[in-house]
Number of protein chains: 2
Amino acid sequence: MTDLPKAATARTSVDDAIVLIVDDDPSMRRALTNLFQSVGLRVEAFGSAAEIMEAKPPAVPSCLVLDIRLPGSSGFDLQSDLAKANIHTPIIFITGHGDIPMTVRAMKSGAIDFLTKPVRDQDMLDAVQAAIERDRRRRNIEESVAGVRSRFEGLSARQRDILILVASGLMNKQVAAELGLAEITVKIYRGQIMRKMGAKSLADLVRMVEALGISRPGGKVQT
Amino acid sequence: MTDLPKAATARTSVDDAIVLIVDDDPSMRRALTNLFQSVGLRVEAFGSAAEIMEAKPPAVPSCLVLDIRLPGSSGFDLQSDLAKANIHTPIIFITGHGDIPMTVRAMKSGAIDFLTKPVRDQDMLDAVQAAIERDRRRRNIEESVAGVRSRFEGLSARQRDILILVASGLMNKQVAAELGLAEITVKIYRGQIMRKMGAKSLADLVRMVEALGISRPGGKVQT
DNA sequence: CTACCGGACAAACCTATGTATAGGTCGCGC
DNA sequence: GCGCGACCTATACATAGGTTTGTCCGGTAG
C-alpha cells in the first residue's frame with residue numbers, strides 16, 4: 001500500500017482503464033483507437049492473436065475488443081487460450097458475418113457482448129464501459145482473496161489443519177482430539193495462525209477460510 | 001429445550017424435473033412434449049405467456065422452452081415479467097427468424113441457450129439438461145439461505161443488532177459498549193441468538209450472516 | 001386489572017480461549 | 001556437530017464466553 005505510483009508520462013491515476021483491440025484490418029484498428037481515445041480511454045492495438053498473447057496481461061481494469069475472424073486462429077481460439085492462461089479480461093466480439101450459433105457460443109463462454117458490423121459508436125462505447133466495470137469488480141475481489149491466499153500459503157501444514165478445523169467451528173479440545181494433540185498445543189497454534197493470517201478475531205478467520213473456499217468437513221450452512 | 005423453527009418442507013417427490021413449454025404452435029408443442037417425455041422428463045405445455053403466468057411456479061427443478069415470438073407479448077416480455085416476479089427458471093429460447101442483437105439480448109438477460117429452427121433434438125436435450133442442472137443448483141442454495149433468512153427474521157430487533165456485531169468479530173464487551181448495554185446482557189442475547197438461529201458455534205453464525213449478506217461495519221476480508 | 005412478553009441487568013458459577021515461560025524431539029542444511 | 005524451524009507438551013495465570021436463577025420495567029392483549 002506504500003508504493004508510490006511511478007507515473008512516467010501522464011497522471012496515470014491508479015486505475016486508468018485500457019482497451020485492447022485485436023483486428024487484422026488496420027483501418028478498423030485505427031477507427032476503434034480513435035473512438036476510444038476520444039472518450040479518454042487508453043488503447044493498445046494488435047493485428048493478430050499471437051501478438052496479444054505475447055504481451056503481458058494488463059495490470060489495470062481492461063477489456064478486449066476482438067474481431068471473431070482473425071488470421072490464423074479465430075477469436076474463439078484466443079478466448080479459450082486466454083481462459084486456459086487464467087486471464088479473465090472481458091471480451092467484446094465484433095463480426096461482419098456472424099450467425100446465431102456463433103453468438104450463443106461466444107456468450108456462453110463468457111463474452112460480455114457481440115456486435116455486428118457496422119458497429120454503432122455508442123453501442124461499442126456502452127459495451128466497453130460495461131466490460132471495464134465488470135473487470136474492475138473482478139479485480140477487486142481477486143485482490144482481496146490473493147492477500148489471504150498468500151498468507152495461507154505461508155502457514156505450515158499443521159497450522160493449516162488446525163485453521164480449517166477451528167474455522168469449521170470445533171472447540172480447541174475437539175480439534176485436539178481430531179488430530180491427536182493436547183489442547184494446549186492447539187491453543188498455541190491458534191495464536192500463531194491468528195498472527196500469521198492477520199486476523200483480529202475468529203470471525204475474521206472464518207471469513208478468510210470461506211473466501212478461500214475450504215470447508216471439507218460438515219461446515220456448510222444448514223437449512 | 002429446542003425452539004428451533006422446524007422448516008415446513010413439504011417433502012415432494014424427490015426432484016422430478018419438469019420442462020415448461022410455451023409455444024403458440026400446437027404441433028410444435030406436441031413435438032417438444034414427445035421429445036422430452038421420450039427421455040423421461042415431465043412436461044407442461046402452454047399456448048401463451050399469459051397462460052404460464054397464471055400457473056403457479058414449479059416447486060421442482062425446471063426450465064422453460066420459449067418461442068421468442070408469442071401471441072401478444074414476446075418471449076422477452078415474458079422473460080422480464082418472470083424476472084420481476086422473482087422467478088428464475090432458466091430459459092431456452094427457440095426462434096425461426098432470430099438475429100444476432102436479439103440473441104445477445106436474450107443471453108445477456110440470462111437465457112441459458114438460444115436455438116434456431118429447425119432445432120436438432122440433441123441440441124434441445126443438451127440445453128434442457130444444462131438448464132435443469134443449473135436450476136437444481138440454484139434451488140439448493142436458495143433453500144439453504146431461505147432457512148437461515150426465516151430464522152433471522154424470527155429474531156427481535158435487539159437480537160439482530162447483537163448478531164451482526166458479534167458476527168463481525170467484536171467481543172461481548174465491545175458489543176455492549178457499542179449498544180450501551182451491560183456485557184452480561186450481550187451474553188444472554190448471544191445465547192438466545194445461537195438457539196434461535198440453530199448455530200452450534202460462532203463460526204456457524206458468521207457463515208450464516210455472510211450468506212445473508214449483512215456486514216455493514218468493517219467486516220469485509222482485508223488484503 | 002392481570003398475565004404475558006421482550007428488554008435489561010446482576011451474582012454466581014463453570015468452561016473455553018489466550019498467553020507467557022519453559023521445556024522436549026525431530027530432520028535438514030551447512 | 002550446530003543452528004534452525006516445525007512440531008509437541010506442561011504449568012500457571014488471565015480474560016472471554018456462556019448458563020442459571022432471579023429481579024425489575026414497560027407495553028399490550030385479553
Side-chain angles (χ1 to χ4, degrees), chain A residues 149-210 214 217-219 222, chain B residues 1-6 149-210 214 217-219 222:
Chain A
R149 190 178 307 281
S150 78
R151 289 196 294 261
F152 178 75
E153 276 157 10
L155 298 180
S156 74
R158 222 16 165 191
Q159 287 167 344
R160 288 180 207 184
D161 294 344
I162 290 174
L163 167 56
I164 290 167
L165 293 177
V166 163
S168 83
L170 298 186
M171 288 186 311
N172 287 340
K173 62 169 66 166
Q174 296 175 303
V175 175
E178 193 87 25
L179 297 177
L181 299 176
E183 191 183 344
I184 180 66
T185 310
V186 175
K187 287 185 184 178
I188 307 255
Y189 272 102
R190 202 166 161 158
Q192 298 167 358
I193 293 166
M194 295 291 280
R195 237 174 301 117
K196 282 208 195 175
M197 295 297 292
K200 303 179 311 310
S201 64
L202 175 59
D204 274 9
L205 222 50
V206 172
R207 272 188 286 267
M208 288 179 187
V209 170
E210 284 288 287
I214 324 173
Q222 294 299 323
Chain B
M1 191 198 234
T2 45
D3 53 350
L4 293 182
K6 51 202 67 171
R149 188 178 309 280
S150 78
R151 289 196 295 260
F152 179 74
E153 277 157 10
L155 297 179
S156 73
R158 228 2 170 199
Q159 287 167 345
R160 288 180 207 183
D161 294 345
I162 291 174
L163 168 56
I164 291 167
L165 293 177
V166 164
S168 84
L170 298 188
M171 288 185 311
N172 288 340
K173 63 170 62 167
Q174 295 174 301
V175 174
E178 194 86 25
L179 298 177
L181 299 176
E183 189 184 347
I184 180 68
T185 310
V186 175
K187 288 185 182 180
I188 294 180
Y189 273 103
R190 201 166 161 158
Q192 298 166 357
I193 292 166
M194 296 291 279
R195 238 174 299 119
K196 282 206 195 177
M197 295 298 291
K200 301 179 313 307
S201 63
L202 175 58
D204 274 9
L205 222 49
V206 172
R207 273 187 286 268
M208 289 178 186
V209 170
E210 284 289 286
I214 322 172
Q222 294 298 325

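Below, chain A is the first sequence line, B the second, and so on; all start at residue 1.
In this structure, the side chains of Leu202(B) and Arg190(B) come closer than 4.5 Å at one or more pairs of heavy atoms. Between Leu163(A) and Phe152(A) there is a side-chain heavy-atom pair separated by less than 4.5 Å. Residues Ile193(B) and Val166(B) fail the side-chain proximity criterion, which asks for heavy atoms closer than 4.5 Å. A 4.5 Å side-chain heavy-atom check between Gln159(B) and Ile162(B) finds every atom pair outside the cut-off. A heavy-atom distance below 4.5 Å is found between the side chains of Leu181(A) and Arg158(A).
Taking atom CD1 on Ile193(B) and atom C1' on dA8(C), their separation rounds to 14 Å, with Å as the unit. When the P atom of dC8(D) is taken as reference, atom CD of Gln192(A) falls 10 Å away, rounded to whole Å. If you measure from atom CD of Gln174(A) to atom P of dA16(C), you get 9 Å, rounded to the nearest angstrom. Per the geometry, CG belonging to Leu181(B) stands 11 Å off P belonging to dG7(C), to the nearest Å. Here the P atom of nucleotide dT9(D) and the OH atom of Tyr189(A) are 9 Å apart, to the nearest Å. One can place CD1 of Ile162(B) at 13 Å from P of dG17(D), the figure rounded to the nearest angstrom.
For dG6(C), the OP1/OP2 oxygens have no side-chain nitrogen or oxygen of Arg158(B) closer than 4.0 Å.
Of all heavy-atom pairs between Ala167(B) and Ala203(A), the closest is O-CB, 3.3 Å. The two atoms that bring Arg151(A) and Lys196(A) nearest to each other are CD-O, 3.4 Å, heavy atoms only.
Residue Ser156(B) is in sugar-phosphate contact alone, with no base atom involved, counting any heavy-atom pair closer than 4.0 Å across all strands shown.
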**OP:** Take Leu165(A) and Gln174(A) through the test side-chain contact (heavy atoms from CB on, under 4.5 Å) and record every step on the way to the result.
**Re:** CA-CA 9 Å; Leu165(A) 293 177; Gln174(A) 296 175 303; over 6 Å; no

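With sequence neighbours excluded, no residue forms a side chain to side chain donor-acceptor pair (under 3.5 Å) with Glu178(A).
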**OP:** Sugar-phosphate means primed atoms, P, OP1 and OP2; the rest is base. With that split, encode nucleotides 17-27 of chain C 5' to 3' as B, S or - using protein heavy atoms under 4.0 Å.
**Re:** BBBB-------

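Recorded end-axis angle for the helix from dC1(C)-dG30(D) to dC30(C)-dG1(D) stands at 30°, based on five pairs per end and rounded to 10 degrees.
In the set dT9(D), dG7(C), dC9(C), dG7(C) carries the atom at the smallest distance from any side-chain atom of Gln159(B).
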